[in-house]
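Contents: one structure, followed by commentary.
Fair warning: this is a prediction, and the values are worked out from it, not measured in the lab. Note on naming: letters A, B, ... go to the chains in the order of the sequence lines (proteins, then strands), and numbering restarts at 1 for each one.
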Amino acid sequence: MISQADHASSAGGSTDTAPGDDEDGGDVARGVAGYLLGLVLAILLTAASFWVVSSHVIYGPGIPVAILVLAIAQMGIHLVFFLHITTAADNTNNVLALAFGTLIVCLVVFGSLWIMAHLNHNMMPMNELIQQQR
Amino acid sequence: MNSAALPNGVKLPDSAHGPASKRIIVGYGFWIFLLSDVILFSSLFAAYAVLSTAVADGPPGRQIFDLRNVAIETGCLLASSFACGMASLAVAQRNPKWTQIALLVTGLLGCAFLALEFREFAGLIARGDGPTRSAFLSSFFTLVGCHGLHVTAGLLWLGTMMAQFLAKGFRRDIRYRFLCFSLFWHALDIIWVAIFSLVYLVGVTQ
């Protein structure tokens with residue numbers, strides 16, 4: 001025998017969610033509050049990265065690292081508050097696809113930088129190359 | 001009947017629930033497309049990162065980047081993304097007036113962003129620092145220009161969505177299209193975060 005409550009929870013409890021989906025006829029105030037919180041956090045992080053560059057609070061060579069960290073944090077804010085990608089069970093498919101995309105992005109970017117740095121290192125200096133071709 | 005439990009009380013796993021609803025399949029499919037678009041951008045980012053020091057005799061980034069302009073562009077795109085979220089809430093409420101208002105604001109802010117970017121590019125080319133000047137500028141114009149092209153395509157899509165909501169109302173297939181559009185628009189903002197941080201802000205410190 002399936003109880004009424006059991007049935008309701010299984011129908012609505014463990015289904016999937018589309019990314020970026022806003023619930024049909026959901027609570028508007030809660031929706032707006034979510035987007036507003038995302039907007040405020042994004043503005044704070046953006047302001048922080050512009051401030052890091054224009055002030056001398058952080059040791060010079062460390063600035064790119066600070067900017068990278070702030071950028072990744074802001075992308076996370078956008079994903080959670082604007083695209084509604086969360087760690088909830090109904091979001092597993094979306095998160096797994098995102099994880100795979102992130103893996104490929106890291107492979108492409110760091111792989112390219114690594115290979116090109118080695119190629120640069122092994123290449124003959126340009127003036128020697130020009131002399132040999134004479 | 002979409003029962004999740006057998007009559008004897010044994011619960012079925014999620015995979016036995018049958019296919020997901022169309023809305024989830026549409027959203028998920030478009031999410032996969034967006035991730036592949038992000039991978040396309042990652043190759044342009046990689047090219048830029050490799051070539052960013054290859055300035056030939058041309059100007060390096062710190063001489064040509066105007067951070068005030070970049071900050072305004074960032075603000076426009078962020079506010080546009082927020083307005084798109086408001087449109088998404090209005091669509092969920094089936095409110096035609098606020099849907100159109102929010103989409104209009106989204107579009108106007110997107111246009112402002114594009115105008116600022118176009119002005120920056122035109123200024124660079126007028127000074128002779130166009131994409132042919134150095135490898136650095138080639139990769140810069142390709143990366144930022146590709147994002148600009150995406151925003152242009154998004155604006156065309158946005159205009160289509162406004163017209164379709166007006167002409168066809170909140171039909172189910174139109175709402176699926178709008179779900180994809182809002183995903184696209186938010187994803188463009190995420191890519192812009194990477195561009196303003198890694199290209200402009202890191203560029204002025206090099």
ask   = Looking at the rings of A:Phe82 and B:Phe82, which for Trp means the six-membered one, are their centres under 6.0 Å apart?
value = no
inquiry  = Given heavy-atom pairs under 4.5 angstrom as the criterion, report whether the side chain, backbone, both or neither of B:Val70 touches chain A.
reply    = both
message = So which residue, A:Ser112, A:Pro19, A:Ala42, A:Ala97, ends up with the most heavy-atom pairs under 4.5 Å with chain B?
response = A:Pro19
ask   = How far does CD1 of A:Ile104 sit from OG of B:Ser43, to the nearest 0.5 angstrom?
value = 12.0 Å
ask   = So which of B:His186, B:Met86, B:Arg175 has the biggest tally of heavy-atom pairs under 4.5 Å with chain A?
value = B:His186
remark   = What one should report as the nearest heavy-atom pair of A:Met75 and B:Ala194 is CE-CB, 3.5 Å
note = Among A:Val28, A:Ile72, A:Val52, the residue with the most heavy-atom pairs under 4.5 Å to chain B is A:Val28
query = Looking at side-chain heavy atoms only, is the closest gap between B:Trp31 and A:Ile85 below 4.5 Å?
reply = yes
ask   = Side chain, backbone, both or neither: which part of B:Ile39 has a heavy atom under 4.5 Å from chain A?
value = both
task = Work out which heavy atom in A:Asp22 is nearest to a heavy atom in B:Arg23; give both atom names and the distance.
result = O-NH2, 4.5 Å
query = Looking at A:Leu45, A:Thr46, A:Ile63, which makes the most heavy-atom pairs under 4.5 Å with chain B?
reply = A:Thr46
key: Interchain contact, B:Phe196 with chain A, by part (heavy-atom threshold 4.5 Å)   = side chain
ask   = Side chain, backbone, both or neither: which part of A:Leu70 has an atom under 4.5 Å from a heavy atom of chain B?
value = neither
query = Out of B:Cys180, B:Ser36, B:Ser197, B:Ser21, which one racks up the most heavy-atom pairs below 4.5 Å with chain A?
reply = B:Ser197
Side chains of B:Ile24 and A:Thr17 in contact at under 4.5 Å (non-hydrogen atoms) = no
request  = Using a 4.5 Å cut-off on heavy atoms from C-beta on, say whether the side chain of B:Phe41 contacts that of A:Val105.
outcome  = no
inquiry  = Using 0.5 Å steps for rounding, measure from the OG1 atom of B:Thr205 to the CD1 atom of A:Ile67.
reply    = 5.5 Å
ask   = Tell me, side chain or backbone of B:Val204 under 4.5 Å from chain A's heavy atoms, or both, or neither?
value = side chain
task = Output the option from B:Leu78, B:Asn95, B:Asp189 having the highest count of non-hydrogen pairs under 4.5 Å with chain A.
result = B:Leu78
inquiry  = At a heavy-atom distance under 4.5 Å, which candidate from A:Leu107, A:Leu113, A:Thr102 has the highest pair count against chain B?
reply    = A:Leu113
key: Heavy-atom side-chain proximity of B:Leu201 to A:Phe50 below 4.5 angstrom   = yes
message = Let me confirm one number: the OH-CG distance from B:Tyr28 to A:Asn94, rounded to the nearest 0.5 Å.
response = 7.0 Å
remark   = To the nearest 0.5 Å, atom OG of B:Ser42 lies from atom CZ of A:Phe110 at 10.5 Å
query = Can you find a heavy atom in the side chain of B:Ile190 that is under 4.5 Å from one in the side chain of A:Gln74?
reply = no
message = Can you confirm whether more than 12 heavy atoms, excluding those of B:Trp98, are under 6.0 Å from its CH2 atom?
response = no
